[in-house]
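Written below as structure tokens is the structure these notes are about.
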Amino acid sequence: MNASENTAFRLPQKRNLVTELPGPNSRALTERRRASVAAGVGSSVPVYAADADGGVIVDVDGNSLIDLGAGIAVTNVGASHPAVVDAVRDQAGRFTHTCFMVTPYEGYVQVAEELAALTPGDHDKRTVLFNSGAEAVENAIKVARLATGRTAVVAFDHAYHGRTNLTMALTAKSMPYKTNFGPFAPEVYRMPMSYPFRDDSGLTGKEAAQRAITQIEKQIGADSLAAIIIEPIQGEGGFIVPAPGFLPTLASWARANGVVFIADEVQTGFARTGSWFACDHELVVPDIIAMAKGIAGGLPLSAITGRAELLDKVHAGGLGGTYGGNPIACAAALATIETMRELDLPARARHIEEVVTTRLRALAEEIPAIGDVRGRGAMLAMEFVVPGTTEPDAELTRAVVARALEQGVILLTCGTYGNVVRLLPPLVIGDDLLADALDVIEGAVRAAS
Ligand SMILES: *Cc1c(COP(=O)(O)O)cnc(C)c1O
């Protein structure tokens, strides 16, 4: 199955460089930006976008680059899928905003219905919509605290949950996310993650979970614990897939102890990992699931969906926000979900996994600096190390990404140690374009190592 055959792309699905990168127009914008945009906002690629479609981004100099970032796992259906564009246009022509808390509208309710159907578990569910991933996470914690009457929250090593005050506290990595931005929200406790590449060999998922549970019981006490929040596959922390059994063991301990199990599926959700949600792979049913990124084809929308008995405990007015569930974003989400179903994008993500891991595993046989190839669906990564060790090699990682960009392939890095190259292509990327990108990556890895 090839999703590219089902979609007539507007832009040629080809890598094509007509200037050096960044080209003169991008360089001029970088100059203007220095004088107007705060330095605290970074951009990993110094190339300015003019157009984007399917698997390509065309820059302001006319270069066509292959997009293996999807705006950090957002444009799973592409950056201008016609169904999403039409839905946005149509809704914008009727009304752009009324505020759901003032004059509600059907789109919000429809999104809530879709999320109840798509998220794991067949229990009674309720949904609230917000604007960003961090906002969804914050609200999941608010609900968990109110519903349990407890305050403590457990997050994990290598976790990333956002940049607001509470989500900074939940996030593990200091630089660049937390350094000098404190004080942070209290009552957040960090536990060891299951990280198969770096754990003692032979440590099972169940044992890794037990290691965390023992610490929770000793350091916090289940009676004080409102919630455990975890990314079922960690994103910014390094595309870490926990050992099988880790998530189910944590989830069942939480259930047995009245602790709300929150899955942060902001990055992993919406077909990205080869199923609708990453929890589906181990049949884990979270009490609350936080979603954003892939949900609305690029428009800002986020959500929490959870057990009705938890969500409905909150008094009216306790949850919400002016823009939360904006009608244009809701229309985009409905079109995105419909498109994902029509093109069977979970299957497409599994196909991408097969194509990419076959190539990267073969490359890893040849290049000892590739310590690990991992991930699920179209959320895939290579971890670079000093050959024969697990010592991270962030410099090599940066060199690989820089070389790939020179050739017109946008790659992102991640990882606590900055030594992971991550691949997050739009799920509609065609096979030929993906193969071309993998050729470039192979060449970049060979040349850099
Ligand atoms: C990106 C991300 C967030 C934060 O989302 P924003 O929309 O940037 O606030 C939270 N959790 C995870 C797992 C993410 O990947």
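Just so it is clear, the model here is predicted, and its values are computed rather than measured. Residue numbers count from 1 along this sequence. We use all heavy atoms of the structure for the numbers below, so side chains are in, but hydrogens, waters and symmetry mates are not. Whatever order the structure lists ligands and atoms in, that order sets their numbers, starting from 1.
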- Output the list of atoms in ligand 1 that are nearer than 4.0 Å to some heavy atom of Glu231, sorted by atom number. 13 (C)
- Message: Please list all pairs meeting ring-ring contact (aromatic ring centres under 6.0 Å, His included) that have one or both residues in residues 319-347, counting only residues at least two apart or in different chains.
- Response: His97-Tyr323
- How does Ala292 reach ligand 1, by side chain, by backbone, by both or by neither, if only non-hydrogen atoms under 4.0 Å count? neither
- Item | Nearest non-hydrogen protein atom, atom 6 (P) of ligand 1 | Gly133 N, 3.4 Å
- Going by atom types alone, do Ser275 and His281 pair a side-chain donor with an acceptor below 3.5 Å? yes
- Step-by-step salt bridge (charged side-chain N to carboxylate O under 4.0 Å, His left out) determination, Asp157 to Arg198: CA-CA 12 Å; Asp157 285 336; Arg198 293 186 176 278; over 6 Å; no
- Task: Would you check the N or O atoms of Ala134, main chain and side chain alike, for any that come under 3.5 Å of an N or O of ligand 1?
- Result: yes
- Task: Return a yes/no value: protein heavy atom under 4.0 Å from atom 8 (O) of ligand 1?
- Result: no
- Task: Say whether Gln267, considering both its backbone and side-chain N or O atoms, lies within less than 3.5 Å of an N or O atom on ligand 1.
- Result: yes
- Derivation of the side chain to side chain contact (heavy atoms under 4.5 Å, CB included) call for Thr119 and Met291: CA-CA 10 Å; Thr119 52; Met291 296 160 274; 3.9 Å; yes
- So is Gly235 in contact with ligand 1, going by heavy-atom distances below 4.0 Å? no
- Message: Tell me every residue that passes ring pair (Phe, Tyr, Trp, His ring centres under 6.0 Å) with Tyr48, counting only those two or more places apart in sequence or in another chain.
- Response: none
- Query: Which is it for His161 and ligand 1 at heavy atoms under 4.0 Å: side chain, backbone, both or neither?
  - Reply: backbone
- Item | Contact (N/O only, under 3.5 Å) between Val137 and ligand 1 | no
- Item | Within-cut-off N or O pair, Glu135 and ligand 1, under 3.5 Å | no
- Do Thr127 and Thr305 meet the criterion of a side-chain donor-acceptor pair at a distance under 3.5 Å? yes
- Message: For Asp344 and Arg348: C-alpha separation, side-chain torsions, deciding distance, then whether salt bridge (charged side-chain N to carboxylate O under 4.0 Å, His left out) applies.
- Response: CA-CA 6 Å; Asp344 194 0; Arg348 181 68 197 159; over 6 Å; no
- among protein heavy atoms, the one nearest atom 11 (N) of ligand 1 is Asp264 OD2, 2.7 Å
- Establish, from distance only, whether the side-chain atoms of Glu265 and Thr268 form a donor-acceptor pair under 3.5 Å. yes
- Message: Could you tell me, atom by atom, which parts of ligand 1 come under 4.0 Å of a heavy atom of Ser132?
- Response: 7 (O), 9 (O)
- Query: Which bit of Lys293 gets closer than 4.0 Å to ligand 1, counting heavy atoms only: side chain, backbone, both or neither?
  - Reply: side chain
- Query: Taking the side chain from Thr214 and the backbone from Gln210, do they hold a donor-acceptor pair closer than 3.5 Å?
  - Reply: yes
